[in-house]
Engineer: 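The structure under discussion is supplied below as structure tokens; questions concerning it will follow.
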Amino acid sequence: MSVYSFQTEDTEQQIIRETFHLVSKRDENVFVETLDKCFENVCELDLIFHMDKVHNILAEMVMGGMVLETNMSEIITQVEAQGKMEKSEAGIAGAPARAVSAVKNMNLPEMPKNINIGDISIKVPNLPSFK
Amino acid sequence: MALKIVKGSIDRMFDKNLQDLVRGIRNHKEDEAKYISTCIDEIKQELKQDNIAVKANAVCKLTYLQMLGYDVSWAAFNIVEVMSSSKFTYKRIGYLAASQCFHEGTDVIMLTTNQIRKDLSSPNQYDTGVALTGLSCFVTPDLARDLANDIMTLMSHTKPYIRKKAVLIMYKVFLKYPESLRPAFPRLKEKLEDPDPGVQSAAVNVICELARRNPKNYLSLAPLFFKLMTSSTNNWVLIKIIKLFGALTPLEPRLGKKLIEPLTNLIHSTSAMSLLYECVNTVIAVLISLSSGMPNHSASIQLCVQKLRILIEDSDQNLKYLGLLAMSKILKTHPKSVQSHKDLILQCLDDKDESIRLRALDLLYGMVSKKNLMEIVKKLMLHVDKAEGTTYRDELLTKIIDICSQSNYQYITNFEWYISILVELTRLEGTRHGHLIASQMLDVAIRVKAIRGFAVAQMATLLDNAHLLTGNTQRNGICEVLYAAAWICGEFSEHLEDPMQTLEAMLRPKVATLPGHIQAVYVQNAAKLFATVLRKHEGETDSQAAQETSQLLIDRLPLFVQSANLEVQERASCILQLVKYIQKLQQKNVEVAEEVTALFAGELNPVAPKAQKKVPIPDGLDLDAWINEPPSESESEDEKPKVVFAKEEPKHSRSRHTEVDEKELARRREARKQEQANNPFYIKASPSSQKVYDAPGVEHIPVVQIDLSVPLKVPGMPMSDQYLKLEEERRQKEKAERKKKEKKKKREKRGKERKADSGPESEEDITPAHQVDIVTEEMPENALPSDDDDKDPNDPHKALDIDLDKPLADSEKLPVRTHRPEVLKSPVVDRDSESIPQETKKKGGKEKKEKKKDKEKDRKRSKEDKKKKKKHKEVEEELLESQPEEAVQSEETKEVAAPPTSTSAEASDLDFWLSSAPVPPAAQEVTAPSSAAAVDTSSAAAPESEPDDPKDTEPEDMKSSKHKKKKQKKEKEEKEKKKKKRHHHHHHHGDAGGEDSVQNGTVEEEEEEPLPPMSNYSLLAENSYIKMVYDIQGNHQDESKVVVSVIFENKSDSFLKSMEFNVLDSLNSKLQRPEGAGPHDGLTVPFQLPPGVSNEARFVFSVQSIVMPQKLKGTLTFIVKSDESSTHEKLDFKLHFTCTSYLITTPCYSDAYAKLLESGDLKGSSLRLEGINMPFHHLLARICFHHHFSVVERIDSCASMYSRSIQGHHVCLLVKTSDQTVSIDAKCDEPSLLGNVLDEIKQTFSKC
């Protein structure tokens, strides 16, 4: 990804789009399948809004430009384990932030509804009034 | 407290996070720059806060902005801060940012070394993982050097997740710090057999990547990779290995033979296109490397071509492309196989993808034959018409010319057709390749004499219609063909039907709009035509026509005299004056034709391109030497002559005789142009000047479809097509005639020998339409072929071209932090290593030993010094000085880097592995011709080839005994010997005298004759289908396991498959069967055997007691499959487990050995061999090789040897020889084992 270092946003997004199309055309591709599993039905916007997640998933597959792992279930196991760790680190303090971010995303019609907000799901009927 | 945290996080939760930033940017499309600059300000504020969560969020956003192209290098230090966070969440953000933003020039990288080291050794595997991932992106030479050792330790981590990352990152480390390759390689190699597939795949990845660039250093790994290839199911790994083999086969053709079969199997079985492609590619490489064809190769080629056809037919453009690419490789060696797929290749010409079309064109080049050339070119011509982009059209044009002109017009049977093709190509508008067509026209006209009449007629037509070609001379390169046309018409004007008309065409005013160099040729050749016309009118009573011709020239030439082009001007004015003079003579009725013709007399011969370059420099001629001393040193004057010289091409030099008259000069100039068949337009060297002199106003000459007058009667077809048709008819006719003739012959010779000729036309049958005389190009004598190739000097892999088989030197180790070695030396750490599970333990141990090296070496040195004091003979001193050091080194490398030590053993292993024929002892002498020397070293090194750790075998106290003086030990040894065999005593006495001593298996090679080749494989069973030879080796990891290696050789002409190996277990020895298998089930041999092929399989047996030899009965069942039938066959055998096979070659130090003998735990026995007629070192080598011993020490004709059983029994031998008698005193802690081993040794020597 560092190949793209000095691109404008438009070209960047165009590249993402093209990459996405290229990658998604080849149905056997491990990357897309894995992204698909991690994001549950991956779409372009997922890739744009969750660049960091995509990077982290990619890091389990490719390292320093070399293929690290081709076994999808292994990749997913590792990604999920790291996700869990992140959540446990956030602990109780992380919950409100996640809730807010969930609400923010709810307001966005274009956002996919299936962003991983984790195990702790908080009912947020009253939260919008916070704003 | 918790509440406070929650409150703090609620404060923060309305900070912009990454998603908000992305959303914001998307919502501010119009003023993006402004929005981002406010965001960056916010981020700067956030970075100033102490809260690490806020900082991490800021860095996360920065990472995104960096990817959008904004410079975030100012935040490098903040990134390091976030990297240092103890929380994984933030650490990961930090490392991600670092991997995006850091590069070699980032100065804060220096600060990260310790943080990274800390993370690498973190108990949390994900901390380590994230650090490795980050490091892989920004590793610098400094980081690589400082962290190489830490990473190497991680290669043996308990968690496969860490191991695979550590293995993979080593590649980056090697690139940045090449010195680390050799010390790390042994461990990397071990990882090829890691139980975790991910780690294995990473190791394959790294080694293949390394080996691809410097394949020769990795040849010794071929057997290992072969094993992986036949066992792995991971396509990625397979692809990597197969690619590697593709790089290795050119270096070792024998490897190819071994590869063909498994690769063919893969090609048959795989459904993955990528794997298929790589297999095919490597098979092609193999077939190229095997110059002598094996009979079943054509089958392999057919298979490849078939599979490639599938790729090419695939709708995926990438596969199509790859298929064509691979096809073109096959084409080079097996053109026939590819030719049968002509239809498919031609189809690809219609592909919408230009790169595919170009590949197909490349293929066509090699596919033409005399038979199909015209047809293929016809198809290409159709494509030329259809082609849209000029680039592709130009490519087509050059390909057509390439195809036709290849190998000296080998495939052209009808040159009239070819000239027509060239003329048709001149219709291409806007092509850049006018000069190419022109040079072809010139070349053909000059070299094919029979075609000149036809060519001249065609060229005359071209000249007549020149206005159609010229169009826009600026852009239109096609007018170059007029150059050729004018020259051909002039030079071969005797063939012109109406030279006058052509002359008229060449002197039209419009010619003045042509580029200067073409005008010059026009003018010059007009003069030649003039001569021809005069000659034609010679003898006519009415000289009117001749005079009119002169007048025409006098009228038209002044236009050229005014030309701005110097060349045109000069030629025109010379010729004008000449013609004026002739006119005067004509008016006086003087016959001038003959004299004018004489100006252009003589035949031109083509000269090969580069011929000039290849003229050897005569002896004594130094072209670099100054003829006169340079007048001054000033730079400006120095440069001037150079420039002049460079402008003037060397070709000019010949014609610098200024005295020769102008015509002759011009003629020679013409001749010179012909010297360069490929580049006749040397004047064109300055195209810029051309443009300047071009007359303006010619851009708008309308381009009309050319309508050439066709000398053939079939209307409505392009001329070349008519030729095609005619050619077909001609061939048909010829064929018919041939048949007639044959029939006649047959009738005549009825009953005599018959000639079968019903098959398709062969190449030879096609006779050319014209008797063509292709004049060969002239070359100077002694011309030397020149070839130069160079590698990219900037390739970082150049630094990694390192011999990996060479034993590690003492100096070669990875830098370690200084406080470490002290700790590691202590035995406490040894205990530590036990916490690491089984498979990593050994490596951990090795590392410690690595650090121990110095200490041990010191000890050895001190010992050495003491010895020196003993004032032995000079010889011994020398020996001692060099020898023990060597011994230490070899021993150490054994410990530190077991795999590379076994170089010689490995080399001969490779030889053995590669000699695919079965190798019973007798046969090996034939199959391993790698000279006895190789085997010699192999047997000498055999003890070393065991990567076993001697530490395990020697009790700790033994090692400390190394301090003891050697002398002391020897005395003890001597005592032993005295006790045992008094009558041999005197032999041993030489000891103190200082004879050669040999330690730890290093048998000196210099002074002694080479050993005969040896093999441990002995015949297991044999019938008419199959032969089995086997060898049994102890397993060093498991004290109750032995490995039986069986080589199966297919002796029949049939295919052997479904081989099943079964053994009747005894109470003591059992065949290891897979889980779930019954105790009487056979094991499937993991391969099939095509005719004449052999392969090796290994079977593991568990044994309880090893003190007695044992025999197990077994059966091999298999199916013999031939074309007609398949039958079940079986072959019974008896596996003989000798006691020797339970011994493992284990090196032993002489002092440890002494200690062992001293201990008194061992029981003695002895053996006496009579009539042994072989050099002592051969005897020792045989014992070492066949019975897995190593030489502890050798003094003259006496040697002590050591071996150890898989269950830890020590076996010590003292071997002495005199007058064909060998006595062996032996000691072992297990008397029956010893007795049996001695019996076996006796048997070995009774055989020879």
Side-chain angles (χ1 to χ4, degrees), chain A residues 1-2 4-13 16 25-26 28 30 45 48-53 55-56 58-60 62-71 74-75 77-78 81-82 85-101 104-105 108 110-111 115 130-131, chain B residues 2 5-6 8-10 12-14 17-20 22-23 25-26 32 36 53 60 63-64 66-69 87-90 92-93 96 99-101 103 124 126 129-130 132-137 139 161 164-165 168-169 171-172 197-198 201-202 205-206 209 234-237 240 272 316:
Chain A
M1 286 288 178
S2 45
Y4 308 150
S5 354
F6 299 104
Q7 304 277 0
T8 65
E9 185 215 12
D10 279 342
T11 39
E12 165 76 15
Q13 301 217 339
I16 293 173
K25 249 190 251 167
R26 319 203 75 193
E28 80 274 15
V30 182
L45 283 170
I48 295 165
F49 278 94
H50 299 277
M51 223 38 210
D52 50 342
K53 273 194 190 172
H55 267 291
N56 293 337
L58 193 63
E60 294 303 318
V62 180
M63 200 177 102
M66 296 205 291
V67 171
L68 176 66
E69 182 62 68
T70 50
N71 182 350
E74 167 73 13
I75 296 167
T77 315
Q78 302 298 354
Q82 290 174 55
M85 221 167 90
E86 217 174 338
K87 259 166 235 157
S88 73
E89 278 181 355
I92 186 160
R98 282 198 295 274
V100 170
S101 123
K104 279 178 188 167
N105 289 336
L108 250 178
E110 73 210 300
M111 275 304 288
I115 285 173
F130 273 27
K131 279 187 170 177
Chain B
I5 296 171
V6 171
S9 70
I10 287 175
R12 271 191 288 111
M13 75 195 166
F14 297 107
N17 65 12
L18 176 62
Q19 279 82 2
D20 297 327
V22 175
R23 202 175 294 131
I25 294 172
R26 288 167 69 86
E32 189 187 293
I36 286 178
C60 184
T63 310
Y64 183 75
Q66 192 276 338
M67 286 191 284
L68 296 187
K87 276 195 178 172
F88 170 72
T89 315
Y90 305 139
R92 182 158 75 166
I93 292 171
L96 174 60
S99 67
Q100 290 289 114
C101 313
H103 50 88
N124 180 345
Y126 293 112
V130 105
L132 285 170
T133 306
L135 189 61
S136 73
C137 294
V139 61
Y161 179 75
K164 75 180 177 196
K165 287 195 170 196
L168 205 57
I169 204 177
Y171 179 66
K172 295 276 168 159
S201 147
N205 232 330
V206 172
E209 206 56 37
N234 181 337
N235 279 352
W236 176 255
V237 169
K240 282 273 165 188
D316 186 330

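Each chain gets a letter, A, B and so on, in the order the sequences are listed, and its residues count up from 1.
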Engineer: Are Asn205(B) and Val67(A) close enough that some pair of their side-chain heavy atoms sits under 4.5 Å apart?
Structural biologist: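 Heavy-atom side-chain distance check passes, below 4.5 Å.
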Engineer: Looking only at the side chains, is there a donor atom on one of Gln78(A) and Glu74(A) sitting less than 3.5 Å from an acceptor on the other?
Structural biologist: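 Yes.
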Engineer: Distance-only, no hydrogens or angles: does the Gln66(B) side chain make a donor-acceptor pair with backbone N or O of Cys101(B) under 3.5 Å?
Structural biologist: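 Side chain of Gln66(B) to backbone of Cys101(B), a donor-acceptor pair under 3.5 Å: no, none is there.
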Engineer: Not counting sequence neighbours, which residues clear side chain to side chain contact (heavy atoms under 4.5 Å, CB included) with Asn234(B)? List them please.
Structural biologist: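 With sequence neighbours excluded, Asn234(B) shows a side chain to side chain contact (heavy atoms under 4.5 Å, CB included) to Thr70(A), Ser201(B), Ser232(B), Trp236(B), Val237(B), given in chain and number order.
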Engineer: Measuring heavy-atom distances to chain A, does Asn124(B) have an atom under 4.5 Å in its side chain, in its backbone, in both, or in neither?
Structural biologist: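 For Asn124(B), the side chain is the part near chain A, not the backbone.
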Engineer: For chain A, find which of Thr133(B), Val130(B), Ile169(B), Val139(B) contributes the most heavy-atom pairs closer than 4.5 angstrom.
Structural biologist: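 Ranked by heavy-atom pairs under 4.5 Å with chain A, first place is Thr133(B).
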Engineer: Please state whether the side chain, the backbone, both or neither of Lys240(B) comes within less than 4.5 Å of a heavy atom of chain A.
Structural biologist: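 Neither part; nothing is under 4.5 Å.
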Engineer: At a 4.5 Å cut-off on heavy atoms, which part of Asn71(A) comes close to chain B: side chain, backbone, both, or neither?
Structural biologist: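 For Asn71(A), no heavy atom lies under 4.5 Å from chain B.
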Engineer: Looking at residues at least two apart in the chain, or sitting in another chain, which of them share a ring pair (Phe, Tyr, Trp, His ring centres under 6.0 Å) with Tyr126(B)?
Structural biologist: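 For Tyr126(B) the ring pair (Phe, Tyr, Trp, His ring centres under 6.0 Å) partners, ignoring immediate neighbours, are Tyr161(B).
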Engineer: Between Lys87(B) and chain A, which part of the residue has a heavy atom less than 4.5 Å away: side chain, backbone, both or neither?
Structural biologist: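 Lys87(B) touches chain A through backbone and side-chain heavy atoms alike.
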Engineer: Taking side chain as everything from C-beta outward and backbone as N, CA, C, O, which of these in Leu168(B) sits under 4.5 Å from a heavy atom of chain A? Side chain, backbone, both or neither.
Structural biologist: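 It is both, since atoms from each part get that close.
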Engineer: Is it the backbone or the side chain of Glu69(A) that comes under 4.5 Å from a heavy atom of chain B, or both, or neither?
Structural biologist: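 Only the side chain of Glu69(A) comes within 4.5 Å of chain B.
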Engineer: If you round to the nearest 0.5 Å, how far is CG of Leu68(B) from OG1 of Thr63(B)?
Structural biologist: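 Thr63(B) OG1 to Leu68(B) CG: 11.0 Å, rounded to 0.5 Å.
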